[in-house]
Protein chains: 2
Amino acid sequence: MKRVKKKLFSDFIAQKGLKSTRQRDTILEFFLASDRHMSIEELYLKVRAKHPNIGYATVYRTLKLFAEAGLAREIQFGDGQTRYEHVNEGEHHDHLVCTRCGTIVEFENPVIEKLQDEVALSHGFLIETHKMELYGLCPKCRK
Amino acid sequence: MKRVKKKLFSDFIAQKGLKSTRQRDTILEFFLASDRHMSIEELYLKVRAKHPNIGYATVYRTLKLFAEAGLAREIQFGDGQTRYEHVNEGEHHDHLVCTRCGTIVEFENPVIEKLQDEVALSHGFLIETHKMELYGLCPKCRK
DNA sequence: TTGTTTATGAAAATCACTTTCACTGACTGG
DNA sequence: CCAGTCAGTGAAAGTGATTTTCATAAACAA
């Protein structure tokens, strides 16, 4: 899986006429090894722990690049932090977010997706993407 | 409808021991007369056109108050602007957002809501709220 | 290896709020 | 009705999270 993503990124870099740099490789490494929902800050801190010379701006710019390359996606959970999640070929999922502890659980539901398409169509919209988040208490926090 | 909302707000004000001011009345007036999805900036500009002496901070604080009073709700469409929409008694709806022109259409779908609850339950979550936005092209922009 | 062009890091600038603070203006008790 | 009290207001300063700038460094082509 990591191999595939790395290939995807180096192809993107090449095809765009960009340069392959040590920093980008490092950041990709850390991104691939990370949780599925990292804020820029979180990834930056992880990277900096091993590579104190890599700056925040570079992490920020590189994450944007990952999104452009199609191996990451920006998400907002309304807490004022932009997060990036991993994108896997043809996969889409939504989120359950615990309002107390911040735990994020992913889920997929084809039936809902289908209904979404129907709703959109009935309003004449052609859907490109969607976002669905359910906020509440996770099992632990319910106690 | 406006009468009801105004009553709601004045009751809230009274019950909280807050004060009724000319500014709050003015801002409520403009909010009630507005589109259903206004950013603070947009409402501020509309208000300022008629009342140049009302400041941004007051609009900002008053909108928060409307949310607390239950007649407005904060929404985020990921464009970095906080918007406020009107809240009507017992109503919940989701949004279709045009990625080209920004048009926002509201919709309700009880079947999806039910499925959301089921999904949440199957993960042990107790849902408080949810957010669902479908992004794509509106009928006009499809042409 | 050099030249050209993109990338990087540190710092400054933005953006969209949020808070502060000195001054106003609502309401309350007389 | 009138002063005192305390919440409300506006302008400006402060915040937090990016986002951009700019001088320097590092790729990669020739």
Side-chain angles (χ1 to χ4, degrees), chain A residues 9-31 37-69 72-84 102, chain B residues 9-31 37-69 72-84 102:
Chain A
F9 187 59
S10 59
D11 286 355
F12 173 80
I13 287 289
Q15 174 252 314
K16 279 273 191 177
L18 303 176
K19 288 173 180 170
S20 162
T21 69
R22 204 158 355 85
Q23 288 89 332
R24 286 176 177 167
D25 290 348
T26 301
I27 295 168
L28 178 54
E29 203 68 66
F30 276 79
F31 175 68
H37 307 90
M38 301 276 283
S39 66
I40 302 173
E41 176 81 15
E42 284 164 353
L43 188 56
Y44 167 62
L45 291 176
K46 276 206 203 306
V47 169
R48 199 186 56 174
K50 285 278 189 186
H51 306 269
N53 50 315
I54 293 183
Y56 182 96
T58 300
V59 174
Y60 159 79
R61 287 181 287 227
T62 304
L63 244 13
K64 284 250 184 253
L65 228 43
F66 292 168
E68 263 190 82
R73 182 187 297 122
E74 273 190 18
I75 41 173
Q76 301 278 169
F77 290 132
D79 63 346
Q81 296 261 117
T82 297
R83 285 156 199 287
Y84 284 85
Chain B
F9 188 58
S10 60
D11 285 355
F12 173 80
I13 287 291
Q15 174 251 313
K16 279 273 192 176
L18 303 176
K19 288 173 182 170
S20 163
T21 69
R22 203 156 355 90
Q23 288 90 332
R24 286 176 179 168
D25 289 348
T26 301
I27 296 168
L28 178 54
E29 203 69 64
F30 276 80
F31 176 68
H37 308 88
M38 301 275 284
S39 67
I40 302 174
E41 178 81 15
E42 285 163 352
L43 188 57
Y44 167 62
L45 290 176
K46 275 207 204 303
V47 168
R48 200 186 54 175
K50 287 276 191 187
H51 306 269
N53 50 316
I54 293 184
Y56 181 95
T58 300
V59 173
Y60 158 80
R61 286 181 287 225
T62 304
L63 245 12
K64 284 247 183 255
L65 227 44
F66 291 168
E68 263 190 84
R73 182 188 297 123
E74 274 190 18
I75 41 174
Q76 301 278 169
F77 289 131
D79 63 347
Q81 296 261 116
T82 297
R83 284 155 198 286
Y84 284 85

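Quick note on labels: first sequence line is chain A, next is B, and so on, each numbered from 1. Fair warning: this is a prediction, and the values are worked out from it, not measured in the lab.
- Within residues 38-55 of chain A, the residues that have a heavy atom under 4.0 Å from DNA chain C are, in order of number, A:N53, A:I54, A:G55.
- When the P atom of C:dG25 is taken as reference, atom CG of B:D25 falls 15 Å away, rounded to whole Å.
- As rounded to whole Å, 17 Å separates atom P of D:dT18 from atom CG of A:L65.
- Rounded to an integer number of Å, the gap from OH of B:Y56 to C1' of D:dG8 is 18 Å.
- As rounded to whole Å, 10 Å separates atom C1' of D:dA17 from atom CD of A:Q76.
- Counting to the nearest Å, the C1' atom of C:dA7 and the CG atom of A:L28 are 16 Å from each other.
- Among the nucleotides C:dC17, C:dA10, D:dA7, the one closest to any side-chain atom of A:A57 is C:dA10.
- If B:Q81 and B:R22 are placed on DNA chain C by their nearest nucleotide, the residue sitting closer to the 5' end is B:Q81.
- Aromatic ring pairs are classed by plane angle as parallel below 30°, tilted from 30° to 60° and perpendicular above 60°; the pair A:H37 and A:F77 is tilted.
- Nucleotide C:dG25 holds its P atom 19 Å from the CG atom of B:L18, rounded to whole Å.
- Look at A:T82 and you'll find a side-chain N or O under 4.0 angstrom from OP1 or OP2 of D:dT18.
- Along DNA chain C, the nucleotide nearest to B:R83 and the one nearest to A:R24 differ in position, and the one closer to the 5' end is contacted by A:R24.
- Per the geometry, CG belonging to A:D79 stands 9 Å off P belonging to D:dT18, to the nearest Å.
- Here the side chain of A:K19 is nearest to one of D:dA27, D:dT9, D:dC6, namely D:dA27.
- The nucleotide whose nearest atom lies closest to any side-chain atom of A:Q23 is, among C:dC17, C:dT8, C:dA26, C:dT8.
- Counting non-hydrogen atoms under 4.0 angstrom, A:K64 reaches the backbone sugars and phosphates but no base.
- Under 3.5 Å, the side chains of A:T62 and A:Q23 contain no donor-acceptor pair of N or O atoms.
- Relative orientation of the A:F66 and A:F31 rings is tilted, given thresholds of 30° and 60° on the angle between their planes.
- Between B:F30 and B:H51 there is a side-chain heavy-atom pair separated by less than 4.5 Å.
- By the 4.5 Å heavy-atom criterion applied to side chains, A:I13 and A:K19 are not counted as neighbours.
- For B:R73, the CZ atom is densely surrounded, since the number of other residues' heavy atoms within 6.0 Å is greater than 12.
- Out of C:dA7, D:dT18, C:dG9, the shortest distance to the side chain of A:T21 is found at C:dA7.
- Base contact: B:R61 has a heavy atom under 4.0 Å from a base atom.
- In this structure, the side chains of B:Y84 and B:L43 stay at 4.5 Å or more apart for every pair of heavy atoms.
- Taking atom CD1 on B:I75 and atom P on C:dC17, their separation rounds to 12 Å, with Å as the unit.
- Applying the 4.0 Å criterion to OP1 and OP2 of D:dT19, one finds that A:Y60 has a side-chain N or O inside that range.
- Looking at heavy atoms from C-beta onward, A:M38 lies out of side-chain contact with A:R83 at the 4.5 angstrom threshold.
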